[in-house]
Every structure is written in structure tokens, then in C-alpha cells.
Amino acid sequence: MKHIRETWKVTVSEALGAMAREKGLDIATTVDNLVLETPPKPEMGDMGFPLFVWSKAFRMGPPQIAIALAERLAGVGPGTAKAIGPYLNIFLDRAAVARTVLDKSSRPGYGSSGSLAGTRIMIEFSSPNTNKPLHLGHLRNDVLGESVSRILRANGAEVLKINLINDRGVHICKSMLSYMAYGGGRTPQDEGKKSDHFVGDYYVKFNELKMADEAAEEKAQDLLVRWEAGDAQVIDLWKHMNEWAVSGIKTTYERTGISFDKYYYESQIYLTGKEEVQKGLANGAFFKAEDGSVRIDLSPIGLDEKVLLRKDGTSIYMTQDIGLAIHRHDDWPFDRLIYVVANEQQYHFKVLFHILERLGYEWAKNLYHLSYGLVNLPEGRMKTREGTVVDADALLDTLRDTALEEIQAKGREEALGDAADIAEKVALGAVHYYLIQATPSKDMIFNPQESLSFNGDTGPYIQYMGARISSMLRKRDKGEGKASDGLVRPDLLAKDAEWELVRRIAAYPEAVEQAGAEYNPAVVAAHLYDLASAFSRFYHDNPILNSDDPDTAATRLALADSVRNVMKHGLGLLCIPFLEAM
RNA sequence: GCGUUCGUAGCUCAGCUGGAUAGAGCGACGGACUUCGAAUCCGUAGGUCGGGGGUUCGACUCCCUCCGGACGCACCA
């Protein structure tokens with residue numbers, strides 16, 4: 001489909017150029033000046049060139065230009081050019097296009113491309129703290145990062161997914177201190193709790209501790225100092241609690257299908273970057289302030305000053321990130337490094353990227369902050385202090401249970417075999433789709449009930465369409481219907497109803513490409529929903545397996561199979577399980 | 001105060017980077033199961049695209065300005 005568009009762009013720009021020469025006009029008629037879009041209605045054609053811009057130069061009305069072009073291009077293909085008002089629209093040869101689309105889309109990798117072949121992209125996401133379990137906000141980060149990674153890979157990029165575990169700092173010490181006070185040496189196993197929740201509960205209990213002990217905050221600070229000094233007792237406890245937290249978090253990753261190629265631990269790298277700052281001081285990128293701290297003047301980007309090393313020489317968050325970025329580029333030279341981090345840190349990244357540029361790293365321009373918005377609830381904002389944070393595991397459990405109830409209510413347990421497993425996958429599809437369908441940069445409201453709804457723009461709806469098609473194909477394979485007596489005939493797909501599906505299948509690879517270029521999985525999500533709903537309409541109105549005519553049955557089943565292939569591929573990119581039945 | 005960002009149907013979101021009559025879903029109302037799974041489908045109502053200027057043949061889209069929300073503006077991470 002894409003090459004057809006490119007061909008027509010060249011054809012039309014050349015025709016415009018020829019027209020200009022004949023009229024003795026000097027007009028720049030390059031392909032770049034041509035806009036090609038999709039007409040709002042299928043009966044207007046498959047693609048169209050608006051001709052308004054050429055009006056002045058040619059001293060002709062756009063409709064006249066359209067007519068002149070259509071005459072000039074009579075007989076030129078692929079398809080036919082027609083003047084429709086101020087537009088030159090292209091009507092494709094549906095049977096011919098259907099033939100190639102059906103052929104391509106019946107192959108496994110359909111939707112993948114090489115548009116990013118040869119590029120190495122590092123992507124950092126999730127980056128949890130080890131003092132509490134994952135919550136709804138993390139789920140957005142995780143599915144965004146994982147999905148973008150998969151989309152980039154589908155476009156041919158070499159991707160390295162990394163996770164920076166935030167395993168040190170005062171917040172970690174707080175849960176440790178709380179455990180020292182209330183834990184009594186107990187383990188997650190003792191209490192029968194998922195280990196990250198076990199740790200998180202002590203972090204919450206720190207609030208109680210503060211009530212009981214006014215010096216709690218100071219003691220936490222003190223614990224941090226002892227940790228940095230390598231105090232054996234502190235380190236030992238830290239290791240235990242950290243392991244509990246991390247292993248629990250990894251369990252949730254497994255549950256949601258998130259994975260990483262490499263883990264970085266803040267405890268191991270928090271001292272890096274100091275040398276780099278010294279180098280910057282030496283070459284004049286930074287300066288030493290009167291109080292002895294090392295700073296950078298950010299006036300070139302309209303900001304103030306930023307401290308990079310405290311007067312006592314200790315480093316801060318920024319220092320660490322400078323060192324880490326350089327370290328990573330040495331480790332694995334990338335063409336692009338994407339940080340999937342909430343939008344509240346956009347200032348941090350703006351400064352970080354600028355600093356790296358000032359330090360003279362030309363690759364600094366290849367750093368990108370994939371900023372995403374907060375997830376709120378219909379009831380309002382999630383607040384840690386008010387205990388309104390939605391725990392990721394609990395949310396998935398609730399949705400899974402609701403889905404299971406629905407399966408039971410429909411009496412489909414028998415047909416499914418492992419109903420609990422299906423319910424879990426529906427829950428996952430519900431959450432992931434809901435989180436991914438909104439534009440990443442915007443804040444969003446997550447409505448759990450709505451996400452699980454089986455009709456509307458949801459994950460389960462798309463899963464359901466996939467299951468229905470799968471069901472049909474199973475029946476064909478068992479010999480039901482007349483399809484096996486028929487031939488697949490693409491010419492039967494030229495009617496509006498079928499063509500609607502063909503063009504969506506044809507456009508799918510471009511959606512994947514666009515999603516990759518924009519780092520926006522929502523593009524794929526929207527495409528899948530459109531496809532699913534178009535298919536739903538189609539099979540409601542038209543018999544497929546049960547067509548009386550064998551050729552029609554065979555052809556429509558082939559079309560359904562292609563729809564299914566696209567869904568499978570697309571849902572895979574969005575971390576949503578494809579279901580054969582539900 | 002400064003910076004970034006968002007404001008589209010009652011609610012949740014799209015809108016192909018400036019083009020054809022601004023679209024979906026939910027909710028509301030009304031329809032469709034002796035037929036491939038009704039966890040579905042169809043129809044109706046609902047809009048001054050936050051307000052006002054400007055650029056353009058053409059603006060939800062670009063510029064300015066005001067209003068409203070969010071987030072930042074640490075020697076926290």
C-alpha cells in the first residue's frame with residue numbers, strides 16, 4: 001500500500017511538472033510539496049491529492065487542475081485517477097490489491113518491517129523503588145516501555161531493555177527501620193505474604209513509627225550513613241529486604257509479561273559521575289561556586305544554576321545520571337536512548353541532556369525522554385498518604401475474579417478448560433489496553449470497570465473478536481461449511497464490505513511503523529480496534545463459514561484468517577494475550 | 001512569579017502533523033437472537049473543538065493573548 005502511494009506521488013508531481021512546462025511556468029513540483037491523504041468516504045476513492053495549493057501558481061481553480069490531471073493520467077496506474085471537486089482521487093484496482101494483501105498478510109511476520117533496521121536503541125523503563133510493590137502508575141510505565149520496545153523491534157531495530165532498580169536511599173532505610181522496630185525477624189514466608197508487599201507494609205508502618213518515635217526520621221538518615229559506610233549489620237538487613245522486594249516485583253513482571261535484558265542497581269552505580277563532573281570542571285563546562293560546590297550555568301537554555309557536586313564532594317541524583325548515561329554508551333553504543341519516566345521529571349531530563357551536550361558528547365542529541373502522564377482514578381488522584389494508591393497485584397486479582405465470574409455466568413467453563421487462566425489473560429488485556437490506548441504524554445483516568453467491559457473500545461472486545469475468528473477457523477478445519485470445496489478468489493473481495501477489511505489489513509504495517517516513529521503504541525491499539533469492529537460488523541451481516549457458495553466461504557475465511565493474523569501480531573506488540581477462545 | 005504541558009459530546013478518549021460534512025466508546029433512548037459464540041450488531045439524541053484575536057484559498061491543528069487544570073522551578077530521588 002505504501003509503495004502504491006509513493007508511486008502515485010511521483011506520478012502526480014511529474015504530471016504537475018509537465019503541466020507547468022507546457023504553460024511556460026516555473027513551478028517547483030516536488031514530491032514534498034504534495035499532500036496525499038485518505039478521503040473521508042470509501043466511495044470517494046482510496047487516496048486523494050488536495051490541489052488547493054497549486055491554484056495560485058497555475059492560475060487555475062483547484063477543480064480545473066484536478067480535471068486536467070485526470071485527463072493527463074488517463075490509463076496510468078495502478079488504479080484510476082479521477083477528479084472529484086478540488087481533489088484528484090485514486091481508485092485502486094480492488095481485486096489486484098486484495099490479492100497481494102491477502103498473500104502478504106497470511107504470512108506470520110506480517111506487520112513487521114525493516115524501517116529501523118540497523119539502529120540500536122536502548123530503552124530504560126519501570127525503574128521501581130525497592131521499598132514497596134508496584135502500583136497502577138508503574139503498570140502504565142511498564143506496558144509503555146515494553147510495548148514501545150516490541151514495536152521498535154518489529155520495525156527492525158536492535159533494542160536493549162534496561163531497568164534501573166532504585167535500591168538505596170532514605171526511603172529504603174525507612175522500611176528497614178520500621179522492620180527493625182516491628183518485624184521481629186519474621187520473613188514473608190512466615191506471614192504468607194508476597195515478598196514485595198511484605199516489605200511495603202513495613203514502609204507504610206514507618207508512619208506509625210514516626211508517631212511512636214520522634215527521632216525516626218533522623219534514625220533513618222543515620223541508617224543511610226551506616227549503609228554508605230558499609231556497616232555489616234545494616235548491609236545484611238538491606239540485602240534481605242531488597243531481595244524480598246525485588247523478587248516480588250519480578251513476579252509481577254512475569255505476570256504481566258514484562259522483561260528486561262539488563263538490570264542496573266543504583267546501589268552499585270550511585271557514585272559514578274563524579275569523575276565526569278571533575279572533567280567538566282577542568283574544561284570549563286562547569287564552575288566552582290563560592291561555597292565550594294560544583295555547578296553549571298544553565299542560562300543558555302533559559303534556566304538557573306544546577307549543583308552537580310555538593311561542597312563536601314558528595315554526589316546527587318543528577319551526578320549519578322550523568323555518569324550512568326556515559327557508562328551505558330560505553331557499554332553498548334546506542335543510536336538512541338529512551339528514558340520512559342513520568343512527566344514530573346521533564347526538567348531533570350532537559351538539564352541532564354544539556355549537561356551531556358556541554359560535556360561534549362555528540363550522542364547527547366540522541367537521548368529522549370518518553371514522558372508519560374499520571375494515572376488517576378474516577379474518584380480522583382491517587383495519594384500515598386491517603387492510601388488510595390491502587391496496588392498492581394490487587395488490581396489484576398480483582399479484574400481476574402470479575403472476568404471469571406463472567407465466564408461462569410455465561411456457562412463457558414466447560415468449553416474453556418482452564419477458565420482461571422483465561423480470566424487472568426482477559427484481565428491483563430483489559431488493563432494493558434486501557435493504559436495503552438491513551439496518548440502517553442497525557443494524564444489519564446483509569447476506570448477499572450470500564451476497562452473490563454466486553455463491548456466498546458477495550459482489550460477484551462478485541463480479544464473476543466480474535467476468539468470468534470479462531471472458533472470459525474477451527475470449525476473449518478474440522479470440515480464444517482463448504483470452504484474446503486471452494487477456491488480463494490481475491491476478486492470476491494472487491495465489494496465495499498470486504499474492501500473495508502482489506503484496506504485496514506493493508507494499512508496495518510504502516511500503523512506499526514508510525515507507532516515506532518512516534519513511540520506511541522496507541523496508534524497500534526486504535527488500528528486494532530478499528531479492525532476488530534469492522535470485522536464484527538462484517539460477520540454480523542455476512543455469512544462466512546456458512547456461505548452457500550464454496551468460493552465465497554473459502555475467500556471470506558481467508559480474509560478472516562488475515563484479520564486474525566493482524567490481531568495476533570498487534571496484540572503481541574501491546575502485551576495483550578491473544579485468545580483462541582474465551 | 002517563571003517554565004513545560006493540557007483544555008474536543010454528560011463521561012473516557014481519537015482526530016492521519018494545515019485539507020472534503022470534527023469521529024469512536026461508555027452512559028441515555030429505541031431496535032435486532034429457530035442462523036458461523038447476542039461477551040455481538042444497528043439506529044436516535046448529544047459539539048460555538050475553553051474565550052478572543054491573527055496567519056491562510058482553507059485552522060481542532062500554526063502564532064499572539066486571556067481563562068482554567070496539571071506538573072515542574074532542591075546541595076530529594
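Every chain is numbered from 1 and lettered A, B, ... according to where its sequence line falls, protein lines coming before strand lines. Reckoned from all heavy atoms, side chains included, excluding hydrogens, waters and symmetry mates.
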How is [X] classified with respect to the nucleic acid when contacts are heavy atoms under 4.0 Å: base, sugar-phosphate, or nothing?
X: S441(A); result: nothing
X: E510(A); result: nothing
X: E344(A); result: sugar-phosphate
X: V170(A); result: nothing
X: E518(A); result: base
X: N166(A); result: sugar-phosphate

Quiz item: When you check every protein heavy atom under 4.0 Å of nucleotides 29-42 of chain B, what one-letter string (B, S, -) results, 5' to 3'?
Solution: -------BBSBSSS
Whole-Å gap separating [atom2] ([N]) and [atom1] ([X]):
X: H369(A); N: U4(B); atom1: NE2; atom2: C1'; value: 12 Å
X: Q320(A); N: A74(B); atom1: CD; atom2: P; value: 19 Å
X: K2(A); N: C16(B); atom1: NZ; atom2: P; value: 18 Å
X: K306(A); N: A77(B); atom1: NZ; atom2: P; value: 9 Å
X: K41(A); N: A22(B); atom1: NZ; atom2: P; value: 11 Å
X: Q346(A); N: A74(B); atom1: CD; atom2: P; value: 14 Å
X: K350(A); N: G72(B); atom1: NZ; atom2: C1'; value: 11 Å

Distance check, [atom1] atoms only: [N] and [M], in whole angstrom units.
N: G50(B); M: G15(B); atom1: P; answer: 15 Å
N: C13(B); M: U17(B); atom1: P; answer: 24 Å
N: U21(B); M: U4(B); atom1: P; answer: 35 Å
N: U12(B); M: G46(B); atom1: C1'; answer: 16 Å
N: A14(B); M: A77(B); atom1: P; answer: 34 Å
N: G58(B); M: A38(B); atom1: C1'; answer: 45 Å
N: C6(B); M: C49(B); atom1: C1'; answer: 14 Å
N: U65(B); M: C57(B); atom1: C1'; answer: 26 Å

Practice problem: Look at the side chain of D321(A) against the base of A77(B) and say whether a donor-acceptor pair falls under 3.5 Å; ignore hydrogens and angles. | Solution: no
Self-check item: Carboxylate-amine/guanidinium proximity below 4.0 Å for E480(A) and R474(A)
Solution: no
Practice problem: Report yes or no: is the cationic atom of R168(A) (NZ for Lys, CZ for Arg) closer than 6.0 Å to the six-membered ring centre of Y270(A), at no more than 45° off its axis? | Solution: yes
Quiz prompt | Lys/Arg cation over aromatic F91(A): K82(A), 6.0 Å, 45° cone | solution = yes
Quiz item: Where each residue is assigned the nucleotide of RNA chain B containing its nearest heavy atom, which of G169(A) and L303(A) is assigned the position nearer the 5′ end?
Solution: L303(A)
Quiz item: Does the ring of Y529(A) lie flat against the base of A24(B), closer than 5.5 Å centre to centre with planes under 30°?
Solution: no
Practice problem: Please map the stems of RNA chain B, keeping only stretches of three or more Watson-Crick or G-U wobble pairs with both distances under 3.5 angstrom. | Solution: B:1-7 with B:67-73, B:10-13 with B:23-26, B:28-32 with B:40-44, B:50-54 with B:62-66
Practice problem: Among G19(B), A77(B), A14(B), find the nucleotide with the atom closest to the side chain of V53(A). | Solution: G19(B)
Exercise. Select one nucleotide: of G72(B), C57(B), A14(B), the one nearest the side-chain heavy atoms of A438(A).
Key: A14(B)
Quiz item: So among Y433(A), Y434(A), Y529(A), which one has a ring-ring contact (aromatic ring centres under 6.0 Å, His included) with Y461(A)?
Solution: Y529(A)
